[in-house]
Protein chains: 2
Amino acid sequence: MQPPQRILAVLPPTIRTILSEGPSSSSQTVHAWVRSIRAHKNVAFAEVDDGTARVQAVLKGKGMEAGLTQGCSVALSGTLQASTGKKQAVEFMVETAKTIGACDPDVYPIQKQQVPPAYLRDHAHLRFRTARTAAIMRVRDSLMRDWHDWFESNEFVHIHTPILTSSDCEGAGEAFALVNPIVNHPTSASAPQSSSASAGPSSSQSTSDRFFPHPVNLTVSSQLHLECPTHALPRTYTLSPAFRAEPSLTSRHLSEFYMLEAEVAFVDTLDQLLDAVEKGMREVLHRLMWEHGRGERTRKDLEIIRDHEPADDYGSPHLAAEPERPALSHLINAAARPFARMTYTSAIKALQAAQEEIEGRFEHPPIWGQGLSSEHERYLAAQNGGPTIITHYPAAIKPFYMLPSSADPSWAAEGGEQGETVACFDLLLPGLGELIGGSLREHRLGPLVAAMKKAGLKKEEYEWYLDLRRFGSVPHGGWGMGWERWVCWVTGVANIRDVVAFPRWKGNCRY
Amino acid sequence: MQPPQRILAVLPPTIRTILSEGPSSSSQTVHAWVRSIRAHKNVAFAEVDDGTARVQAVLKGKGMEAGLTQGCSVALSGTLQASTGKKQAVEFMVETAKTIGACDPDVYPIQKQQVPPAYLRDHAHLRFRTARTAAIMRVRDSLMRDWHDWFESNEFVHIHTPILTSSDCEGAGEAFALVNPIVNHPTSASAPQSSSASAGPSSSQSTSDRFFPHPVNLTVSSQLHLECPTHALPRTYTLSPAFRAEPSLTSRHLSEFYMLEAEVAFVDTLDQLLDAVEKGMREVLHRLMWEHGRGERTRKDLEIIRDHEPADDYGSPHLAAEPERPALSHLINAAARPFARMTYTSAIKALQAAQEEIEGRFEHPPIWGQGLSSEHERYLAAQNGGPTIITHYPAAIKPFYMLPSSADPSWAAEGGEQGETVACFDLLLPGLGELIGGSLREHRLGPLVAAMKKAGLKKEEYEWYLDLRRFGSVPHGGWGMGWERWVCWVTGVANIRDVVAFPRWKGNCRY
């Protein structure tokens, strides 16, 4: 009497599948975990959840709930029926209940569904069992698919760029280094698999016995690598891990994170690049807000996350201003109208005016030639009430590979007397600050070599990068989005450590 | 006169888009690279390619091809017309030609489209410009999407598992270690950012000044981490980088690679797991072979790869037996019938019989209790003429976390007198050997603790893993597929270094 065409029928059906089939007199078995249980005299109600959906299980008859505790796993046989209660449309009437894996309530570390996020971060292996973390993981998955779909339908090819690299893209000295192991050669005496360069017994071994012939870092950005295929496949992107040995302990930084980076050939002006970025972001938001299936499930999950947003130890800054904390309004607002765009030079002017208005408004006074601080970024985005793109930063505070604004044919010079600017942008969000950074790349060999010299880089280490400009060079540009920041912004989660399965930051690399 | 509804119209249209619109009298501009050029007296023919498609450009009039060389980038304005030639249906009649980026043919490193793969590996930053590598990258992208789609439609949630880890999953001692940097505290004197533990000036710093409080490795497998969310979301998977400091220089090993790993809760028997794996693989193959759109493009790319498969320095073993080297027949065969399944014990018997038949057939004699060597794996898969699943290997040669066969209710004991086996499997392919490995996991606390003790692991480092068995444990299992091996098998590419954008192996981490 099993319904036909169930998904992957060799496995037990999920609650989502069972619910989608609706009430039925056929007996079936729910496999799930008990999230809460209320026992009355002759009946018990258990909320059971298998990560795809949640259902109320009704256990009639004295003692049927014996052994069922919060956190235990169960196989419940019975029937899905229309509910007589008002809180839910259906409920699962249990005929036989079996505990699969027990869970002692006296020692179970996450007995309540709402426990402080800091505590849960210390129990990352168990926090998937909370409604909030499970929903965050599902939304993260769904957002990944939406972006993959967007890129595919716009003819981008995904490239797996390398994690191990001999270069240090940003030159910021924040790259993690790899221990370059000594390799035991079958012919030599056993040498220690150690990182120590002064190991005695292996002193006869030359440096050629290292695993790699030179120092190796973990990538801080895939951009330089991604530029290579972009000189053959004109639109490429990668969703790839990146690493920074940055000791900041903020709610917006991780040592290990994902970046969604894209690179596009045949782009002549910065405006074209901005249009592409904005189009992508707004189309993905549209999908999320209006689509059936995946979008529908995501919207439900955003509500779950909102309803479980902890208020005790931190708030969600960009939702704080909205008393009802709707799960979607900031996304609807962002998609509804074009993103604000302003140059760095006019942004500095606006910040300076604001600083004059209220003395000491900003801790760091806004000065042309210096980077924007987080307080500046948040102010600008808040003023614009949505995503805000700041363009044309001073060349002196940006990496060597960015194209001077003067080489962009659409650039109307501004702020020139204060110093040279580059054809770059940051996309800022209210409450969050920088989400995306990007630029046109210097595609002319001579100016690039000069920029590298100025930046103090060794030309011989970048010959491959220069080759792209020697052979069939094209105007191109790209951008990178901090993936976890995107997930934070969409979900309204305030701390980046809560949108990663196993977050790593200074002092923390458990598991 | 631009056609409406073009994809991402802010960027120049790709050749794929232009071709899809068909011949037209509207003038438009093709942005691409010249792959080859033939100049006659009053006409020149240039094959131009932008990575989405290739078209023949016809340059009429003397000298119009001036400056166009192989490898240069161009903007060609003109019209797409039905071709008068027999080789192609359409061609692009050029009115004006402009070189964007020149390419000096005297020094361009990849002047011919067919250059030896070993040479191209040394020029990985440029090899995307060959028809073969470009097609491989597109197929890799397309296969990633097919698997993501399959997992989504079967209710799996993708989890980004960590790269940096404090554990060493397989315990094989092949993990790369991270240099754990010393962190400069603002209050202390400047300490060197060095990995040396005996640096003089920083001797007053305690170990708490390390970035992480303990040694950190790069992950060798995401399995243990993936088991955590699988105790809340019942079907999870990850496509994640993994690393092995394995010095082998074979055509099947890399130091950095991707693994497609899945984990499923509420699985009682190994047969259920095998059915799920086989169903996934066959359904993805079906999609690839019969679907329109993405599947169609992939099939064309497989033909391009086959047509450019280098015959000079190596052959493709699993295609070698097929004189016409069809691009799809091994895939069609694999999808057409159930995969062969046999136990390790019967596999050993078959190998021993084969060894008796032809003395010295195998370099390594097949012996119960020892691992299968590559020659054994290839023999078994070749005998079965397609994907072959070997199950129930001896416990002594498998990791601690595998469930004993005797704990699988469907297991009919075999080979018991020779030693205990575990409920695990390897999926082998003709010519390639192991593609997938998987098992049921030990979900019972007591036996798992005993297995860890036996394996010499420190229990205190795995308390989090044991917690999964303490609190709501469930029978579960999973598998991992070497992503690059999958791409090799589908494409028929013999060397794994050719299906990775920037491959890393012992002695090689350029770029």
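Lettering follows sequence order; numbering is per chain, from 1.
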Item checked: Shortest non-hydrogen separation from Cys103(A) to Gly472(B) and the atoms involved -> CB-N, 3.9 Å

Checklist line | Residue, of Ala177(A), Pro503(A), Ala501(A), Ser240(A), that accumulates the most heavy atom pairs under 4.5 Å with chain B | finding: Ala177(A)

Note to self: Ignoring hydrogens, what is the shortest heavy-atom contact between His214(A) and Arg510(B)? Give both atom names and the distance.
What the structure shows: NE2-N, 4.2 Å

Notebook entry, point to check: Most heavy-atom pairs under 4.5 angstrom with chain B, which of Thr14(A), Asp268(A), Thr52(A)?
Noted result: Thr14(A)

Item checked: Heavy-atom check, side chain of Phe243(B) versus side chain of Ile163(A), under 4.5 Å -> yes

Next item on the list: Under 4.5 Å heavy-atom distance to chain A, tell me which part of Asn154(B) shows up: side chain, backbone, both or neither.
Entry: both

Checklist line | Ile100(A) versus Pro475(B), closest heavy-atom pair with distance | finding: CG2-CD, 3.5 Å

Checklist line | Trp464(A) and Tyr511(B) aromatic ring geometry - parallel, tilted or perpendicular at 30°/60° bounds | finding: perpendicular

Next item on the list: Could you pull out the closest heavy-atom pair between Ala32(A) and Phe266(B), with the gap in Å?
Entry: N-CZ, 3.5 Å

Margin query: Could you report the tightest heavy-atom contact between Lys506(A) and Arg210(B), atom names first, then the distance?
Written below: NZ-O, 4.3 Å

Notebook entry, point to check: Where does Ala102(B) contact chain A at under 4.5 Å (heavy atoms): side chain, backbone, both or neither?
Noted result: backbone

Item checked: Engaged part of Arg444(A) at the chain B interface, taking heavy atoms whose separation is under 4.5 Å -> neither

Check: Does any heavy atom of chain A fall under 4.5 Å from the side chain of Leu218(B), the backbone, both, or neither of them?
Finding: side chain

Item checked: Matching residue for His160(A) among Phe257(B), Tyr258(B), Phe502(B) - test: ring-ring contact (aromatic ring centres under 6.0 Å, His included) -> Tyr258(B)

Checklist line | chain A interface, residue from Ala232(B), Pro247(B), Gly280(B) that has the most non-hydrogen pairs under 4.5 Å | finding: Ala232(B)

Next item on the list: With a 4.5 angstrom heavy-atom cut-off, could you sort out which part of Thr230(B) is near chain A: side chain, backbone, both or neither?
Entry: backbone

Notebook entry, point to check: Between Tyr108(A) and Phe471(B), how do the two ring planes meet: parallel, tilted or perpendicular, split at 30° and 60°?
Noted result: tilted

Notebook entry, point to check: Which region of Met137(B), side chain (C-beta onward) or backbone (N, CA, C, O), has a non-hydrogen atom less than 4.5 Å from a non-hydrogen atom of chain A, or is it both or neither?
Noted result: both

